[in-house]
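Notes for the one structure printed next.
The structure presented is a predicted model; accordingly, all values stated were derived computationally and were not measured.
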Amino acid sequence: MSRPVARRAKQLPLRTHWIVLTMLLVCLSSMLLLNGYTHHMFGAEPDGAVRSPGKVGGAPPSIVKGGPVIDAGQGRPRSVSPAPRTIALTFDDGPDPIWTPKILDLLKAQQVHATFFVVGTAVAEHPDLARRIVAEGHQIAVHTFTHANLTTTAGWRRDLELRQSQSILAGATGVTTTLLRPPYSSVPSELTDRDWESVEATRKAGYLTVLNSQDSEDWRRPGTTQIIANSMPRSSAGQVLLMHDAGGDRSETVEALSKLVPRLKARGFRFATVSDAVGLPDPTRKATLLDRGRGLAVIWAMRISDGVLTLLTWLLYAAGALAVLRAITTLIAARRHARMRDWLYGPPVTEPVSVIVPAYNESAGIEAAIRSLVASDHPLEVIVVDDGSTDGTADLVESLRIPGVRVIRQANAGKPIALNTGMQAARFDLIVMVDGDTVFEPDAVRMLIQPFGHPAVGAVSGNAKVGNRRGLLGRWQHIEYVIGFNLDRRLFDLAECMPTVPGAVGGFRRTALERIGGLSDVTLAEDTDLTMALCRDGWRVVYEERAVAWTEAPASLDALWRQRYRWCYGTIQAMWKHRGAWVQRGQAGKLGRRGLTYLLLFQVLLPLLAPVVDVFSLYGLVFLDPVRVLLVWLGFLVVQMGMGLYAFRLDGERAGPLWTLPLQQFVYRQLMYLVVIQSVFTALAGTRLRWQRMERYGSLQAPVDAVTPPRL
């Protein structure tokens, strides 16, 4: 009974991390939607700058000619005006951390009470100021949640604006109110039909609408003198005076207010809140415990969304910096490496080579691989190690009866063990390891072993190219091999920190392999583990771009996922296994401080951060300036295209497939990000994966015509 339980436990982390990732994605999307709605949907224009278009005449004449406080309830709508020589000072758009305290200080010094029509998002950011407004005897009222234009918004959004405003007021101050001033409203005589419909709708929700009878027009910032002139009553009639304590620089408002209040007092005017000025009962009510809890939840959700956006912004900067750094570093290194193309490691290497082909169910492509090897222009023997195949791979190779090709059969033990078996049977000191689906150019083996003319070279990476390039998936992998893998190998070669000799085409010195004990099977990336072990043992690992071999890439997204998942997870395993190289000296230190650092930054951290760019781009398209976002994305694409053109030129490849690069950004790139994310989750969970063999299709029947790399 224990074995099924063990299997379930092993698979649990792989299911759990996708659940966790989905939950994180949902939470992140919710936070960004909340942040975008609260900060970027409305409020771009100040009060008074927007006038509601449409027909007039729908509002009752008694309202149009009446006072600024409107009750549009059932029956006959009513409106009231302040008592004579009474000024109801009103301030919109706050609270603001700079100007609201100054205005409160001034009102306190003048012993004047006012009405503050606050925006919910501002209250959430500065709840202490909202509490101060209430505590100092001022009236607090609603100016919507995000400064939305209630006349033009949909009904559901109007309800949301009012409901969230009340929730935040309850959470921040412990009170609710029935007074509402719609943003962009004016005097009653300017009510349009749509304005009146909005007033009626808000009345059904329980609100009294407060317009104004006199506008200081401080939102225009016309100067202190003009604000005072606009605010002075033309008669003894009471007024609801509109001013602002937020929405920009309000220094003119503060200065004008300091002169206006004494001047109006001297003329016999008194100041009151809106309800006191018109003789209404106090509209504020103590919030229930449930309402306060809801309000606090909204406030904290907004704060968290602000924090998430701040974090994403910094991560975006980090991802951008890493991407630019990688582009600059690889291009500079690639150019320097290309200039060393004809550099000689020593005298020509002419000794024969043992080629080891580990094979497990490789019948689809093994014949093409073997025939390409024996067609080599360099003397060699081919050792096919059949690792318990069930598709007749060994029988097929033996039936070819090709001289110089041996078959060794063994029970299935894995690729590293099969390679060790082949190494023990090899007759020569130089060993080439290849995959069973790889087709070699005639001069590939000869080119691959030339760097062994230098005694410090222990391994050589060849130039693996994608052979099955038809279709989008094939082209995308071809682009990745040329731009990603081969550019990186040039950099690693130049920095003497090559972390991986690919299993498809790699040469090794036998003494180097024996010194480190052969290949290990403790990681899924046996080629990376082997290469890192050689570097730590002091051997130099180089890249020979002229040793071209063609490999069969996965032909389906599922096969690609499984292959890259194994590669990425195995690389992380190898990095952890060889983490001690960071503190070593010599060749091992170069691997650690250069190679492992590069892998950590650009093959682990950057893919983890890269989705932030996509998420932020979507956020920017919806809530920010879409033109600017598209320009940034196009700039990134231009950089990628430039890197691609240069990399294709260095590799002697035609640039035609690069037309699919923009499409690659929308599908293939995201798939690779998910591979890294799953690999990191799996590594953190401590789950050990089994080696997964890629399905073979036998698409490489003959070498693809290669183009000689141009001289720079």
Side-chain angles (χ1 to χ4, degrees), residues 333-356 373 376-381 419 423 426 428-435 438 440-465 485-516 519 527-528 530-549 551 586-588 590-591 594-595 650-652 706 708-709 711-712:
R335 183 165 181 80
R336 290 188 60 187
H337 186 272
R339 291 176 176 176
M340 299 168 55
R341 180 173 286 137
D342 295 328
W343 189 77
L344 298 177
Y345 290 90
V349 178
T350 58
E351 60 186 278
V353 175
S354 295
V355 181
I356 304 173
L373 288 170
S376 174
D377 62 6
H378 190 85
L380 53 80
E381 65 167 348
L419 288 170
M423 184 178 68
F428 304 116
D429 291 332
L430 295 181
I431 294 175
V432 173
M433 298 180 183
V434 305
D435 289 337
T438 304
F440 272 53
E441 290 293 324
D443 63 347
V445 172
R446 175 169 55 83
M447 291 296 182
L448 186 66
I449 65 172
Q450 294 311 306
F452 290 115
H454 196 293
V457 174
V460 182
S461 168
N463 188 351
K465 293 178 176 286
F485 300 159
N486 287 349
L487 276 184
D488 282 348
R489 288 193 183 102
R490 295 175 188 275
L491 172 64
F492 292 141
D493 189 5
L494 200 65
E496 299 183 20
C497 60
M498 186 78 66
T500 304
V501 172
V505 49
F508 301 88
R509 196 183 295 274
R510 186 191 192 102
T511 53
L513 294 174
E514 291 175 345
R515 259 174 45 174
I516 64 171
L519 285 88
D527 48 5
T528 301
L530 172 64
T531 308
M532 290 183 179
L534 289 171
C535 289
R536 295 189 69 185
D537 193 47
W539 293 98
R540 173 87 184 276
V541 181
V542 301
Y543 172 54
E544 178 50 72
E545 61 177 300
R546 296 172 297 180
V548 176
T551 186
Q587 198 64 42
K590 293 178 182 178
L591 169 70
R594 299 176 186 177
L650 288 180
D651 250 31
T708 303
R711 300 177 63 87
L712 296 184

_Where Ala459 and Val501 come nearest, the two heavy atoms and their spacing_ = CB-CG2, 4.2 Å
*asked:* Restricting to non-hydrogen atoms, name the atom on Leu591 and the atom on Pro499 that form the minimum distance, rounded to 0.1 Å.
replied: CD1-CA, 4.2 Å
*Rounded to the nearest 0.5 Å, how far does OG of Ser461 lie from CG of Asn486?*
8.0 Å
*Can you check whether Ser376 reaches Arg446 side chain to side chain, under 4.5 Å on heavy atoms?*
no
_Whether the side chain of Arg594 engages the backbone of Ala495 through a donor-acceptor N/O pair (distance < 3.5 Å, no angle test) should be reported._
yes
*Should Trp539 and Val457 count as side-chain neighbours, where that means a heavy-atom distance under 4.5 Å?*
no
*Decide yes or no on side-chain contact (heavy atoms from CB on, under 4.5 Å) for Asn463 and Tyr543, but give the supporting numbers first.*
CA-CA 8 Å; Asn463 188 351; Tyr543 172 54; 3.3 Å; yes
*Looking only at atom types and distance, does a side-chain atom of Glu544 sit under 3.5 Å from a main-chain N or O of Arg546, one as donor and one as acceptor?*
yes
_Working to the nearest 0.5 angstrom, can you tell me the gap between Ile516 CD1 and Leu534 CG?_
4.0 Å
*Taking side chain as C-beta onward, heavy atoms only, is Cys535 less than 4.5 Å from Val541?*
yes
*Separation between CG of Leu494 and NE2 of His337, rounded to the nearest 0.5 Å*: 7.0 Å
_Steps toward side-chain contact (heavy atoms from CB on, under 4.5 Å) verdict (Arg489, Met498)_ = CA-CA 7 Å; Arg489 288 193 183 102; Met498 186 78 66; 4.1 Å; yes
*Taking all non-hydrogen atoms of both residues, which atom of Pro451 and which atom of Val460 are closest, and how far apart?*
CB-CG2, 3.7 Å
*Pairwise side-chain hydrogen bond (donor to acceptor under 3.5 Å, both in side chains) hits with a residue in residues 495-511, at least two apart*: Glu496-Lys590, Thr500-Thr528, Arg510-Glu514
*Out of curiosity, Leu519 CG to Ile356 CD1, how far, rounded to the nearest 0.5 Å?*
8.5 Å
*Begin with the C-alpha distance, continue with both residues' side-chain angles, and end with the deciding distance and a verdict on side-chain contact (heavy atoms from CB on, under 4.5 Å) for Val349 and Leu430.*
CA-CA 10 Å; Val349 178; Leu430 295 181; 3.7 Å; yes
*Below 4.5 Å, heavy atoms only, C-beta onward: do Val353 and His378 meet side chain to side chain?*
yes
*By ring pair (Phe, Tyr, Trp, His ring centres under 6.0 Å), which residues pair with Phe492, not counting sequence neighbours?*
Tyr598
_Validation row: Met433, Phe508 side chains within 4.5 angstrom (heavy atoms)_ = yes
*Audit row: Phe428, Glu351, side-chain contact (heavy atoms from CB on, under 4.5 Å) steps and yes/no*: CA-CA 8 Å; Phe428 304 116; Glu351 60 186 278; 5.9 Å; no
*How long is the gap from CD1 on Ile449 to OH on Tyr345, to the nearest 0.5 Å?*
14.0 Å
*Between Arg490 and Glu545, is there a side-chain N and carboxylate O pair less than 4.0 Å apart?*
yes
*Give a yes or no on whether a salt bridge exists between Arg336 and Asp493, defined as a side-chain N under 4.0 angstrom from a carboxylate O.*
no
*Closest heavy-atom pair and its distance - Leu491, Ala333*: CD1-CB, 3.3 Å
*Is the backbone of Val434 close enough, under 3.5 Å, to the side chain of Thr438 for a donor and an acceptor to pair up by distance?*
no
*Step by step, would you call Lys465 with Asp651 a salt bridge (Lys or Arg N to Asp or Glu O under 4.0 Å)?*
CA-CA 10 Å; Lys465 293 178 176 286; Asp651 250 31; 3.1 Å; yes
_Pairwise distance CG(Leu650) to CG(Leu487) - rounded to 0.5 angstrom_ = 7.0 Å
*Can you name the nearest heavy-atom pair linking Gly462 to Pro502, along with the distance?*
O-CG, 4.3 Å
*Between Leu513 and Leu530, is any pair of side-chain heavy atoms under 4.5 Å apart?*
yes
